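The structure presented is a predicted model; accordingly, all values stated were derived computationally and were not measured. The chains referred to below are lettered A, B, ... by the order of the sequence lines, with proteins before strands, and numbering in each begins at 1. These values consider heavy atoms only, across backbone and side chains, with no hydrogens, waters or symmetry-generated copies.
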Protein chains: 2
Amino acid sequence: MSLPHAILTALLEKPSSGLELTRRFDKSIGYFWSATHQQIYRELGRLEAEGLIRTLPSQQPARGQKKSYEVLPAGRAELARWTAAAQDPKPQRDVLLLRLRASAVVGTAGLEADLRRHLELHRRQLAEYQEIEKRDFPPDRGAPEDRLRHLVLRAGIDLETFWTQWLTHALAEFSALPDTD
Amino acid sequence: MSLPHAILTALLEKPSSGLELTRRFDKSIGYFWSATHQQIYRELGRLEAEGLIRTLPSQQPARGQKKSYEVLPAGRAELARWTAAAQDPKPQRDVLLLRLRASAVVGTAGLEADLRRHLELHRRQLAEYQEIEKRDFPPDRGAPEDRLRHLVLRAGIDLETFWTQWLTHALAEFSALPDTD
DNA sequence: CTCAACATGTAAGTAGTTACATGATTTT
DNA sequence: AAAATCATGTAACTACTTACATGTTGAG
């Protein structure tokens, strides 16, 4: 049950319409919680039905017409409750590691090329994060909210750094491997 | 569509029954692809219907009675195909980072305790991985399959190392933060 | 003979994905 | 007036989760 809370956070940062939220989920929040526009519209409907958000006044609801939402006090309270509540980490799911393990059994043919591709993708993502860090988080210590957001970005940067290093190491191992296929 | 391939890999490593697979998914493969026994039984049924696996001969199927499976040639071929096929990395989903971002808006009350708990969990997981590394992967270079499996374990170790470091850093930031709640 | 542990399964619900539908507004 | 883009939505499907059901085997 995280998508509704991701949306509440985004709406508290700035009231938005469904499509605007979708765009913001394509960057920023979407870096660690992705969502499609279908998910978002459905969830906006639910949140409104539960009285956690409402459409901005002075907007007639109509298909094809923009409809912006804002968070109600009950929504903010629910978000605070959820943020503070203990939650166990979800078990990892990583397809690439699974494929590597499978390749130990059925051979590594074809896998190396995709590792290379992933390395390139992670390098690009890392560069994008570093760009954001340079732009939005100058070295002087900012307001507490900014320091928290910087922490989140740091996690993204460090994770992408891990992947680029690990993939580089994996590719080096691959080239030292006899062709097993 | 990764679960069936995780199961094929596990069965190729060693023919097993549903419960045995469940146990192995609680460690080893489950470290990066978790699954419950319900998922596994359902998937075993599908894989058998598709002709990718079969029950070991000399076993009468009966409820409550152990039923072991082995991979058929078609199953091995499908696993090899899937391993070699290019796949985009799935977008990240991390609840803890989402909660941290929410805390920038609704306050950090309660979150610190859970960060501490997560740090402890990741430390334990890291210790477990390092134990496995010491036991199963001695420093001399083993067979190619072992080197591939070691690579997978290295990813687990490095990821847990990242989390312990990042959480330590985050907690240090927290204690330097004014109470915003 | 009862109880715990082993073993396989069914049912119902939630979350996420993919494909498609429809109206409104702006551009050419 | 046609095409592109903006904007909101429906429908169907797949994967995963949670709760429960049922039979078998071995220990005390």
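Comparing D:dT17, C:dT10, C:dG16 by their closest approach to the side chain of A:L3 singles out C:dG16. Among the nucleotides C:dC6, D:dC16, C:dT8, the one closest to any side-chain atom of B:R23 is C:dC6. Among C:dT8, C:dT17, D:dT18, the nucleotide with an atom closest to any side-chain atom of A:Q39 is C:dT17. The side chain of A:Y41 lies closest to D:dG9 when the candidates are D:dG9, D:dC16, C:dG16. With C:dA15, C:dA7, D:dT8 as the choices, the nucleotide that has an atom nearest any side-chain atom of A:R46 turns out to be C:dA15. Listed candidates were C:dT17, D:dC16, C:dA15. Nearest to the side chain of A:R93 is D:dC16. For B:Q38, whose side chain is taken as the heavy atoms from C-beta onward, the closest listed nucleotide among D:dT8, D:dA11, C:dA11 is C:dA11.
Straight-line distance from the CG atom of A:L21 to the P atom of D:dA7: 12 Å, rounded to whole Å. The distance from atom NE2 of B:H37 to atom P of D:dG23 is 16 Å, rounded to the nearest whole Å. Counting to the nearest Å, the P atom of D:dC16 and the NZ atom of B:K90 are 7 Å from each other. As a whole-Å value, the separation of B:I40 CD1 from C:dA7 C1' is 13 Å. With rounding to whole Å, A:W33 atom CH2 is found 10 Å from C:dA15 atom P. Between B:E48 atom CD and C:dT8 atom C1' the separation is 13 Å, expressed in whole Å. In this structure, A:E43 places its CD atom 16 Å from P of D:dT8, rounding to the nearest Å. Nucleotide D:dT18 holds its C1' atom 16 Å from the CG atom of A:D88, rounded to whole Å.
In this structure, B:S17 OG and B:Y69 OH are separated by 9.0 Å, a value rounded to the nearest 0.5 Å. Expressed to the nearest 0.5 Å, how far CG of A:D136 lies from NE2 of A:H150 amounts to 9.5 Å.
Position along DNA chain C of the nearest nucleotide to A:S34 versus B:E20 favours B:E20 as the more 5'-ward residue. Between B:S17 and A:M1, it is B:S17 whose nearest contact on DNA chain C lies nearer the 5' terminus.
Put simply, the side chain of B:R42 and the base of D:dT17 share a donor and an acceptor less than 3.5 Å apart.
When the side-chain nitrogen and oxygen atoms of B:K67 are compared with OP1 and OP2 of C:dG9, one or more of them lie within a distance under 4.0 Å. Applying the 4.0 Å criterion to OP1 and OP2 of C:dT18, one finds that A:T36 has every side-chain N and O outside that range.
Ion pair A:E160/A:R124 not flagged as a salt bridge, since none of the NZ, NE, NH1 or NH2 atoms sits closer than 4.0 Å to an Asp/Glu carboxylate oxygen. Between A:E120 and A:R117 there is no salt bridge, since none of the side-chain N atoms of the basic residue sits less than 4.0 Å from a carboxylate O of the acidic one.
For the 3.5 Å distance criterion, the side chains of B:E128 and B:Y31 qualify, holding a donor opposite an acceptor.
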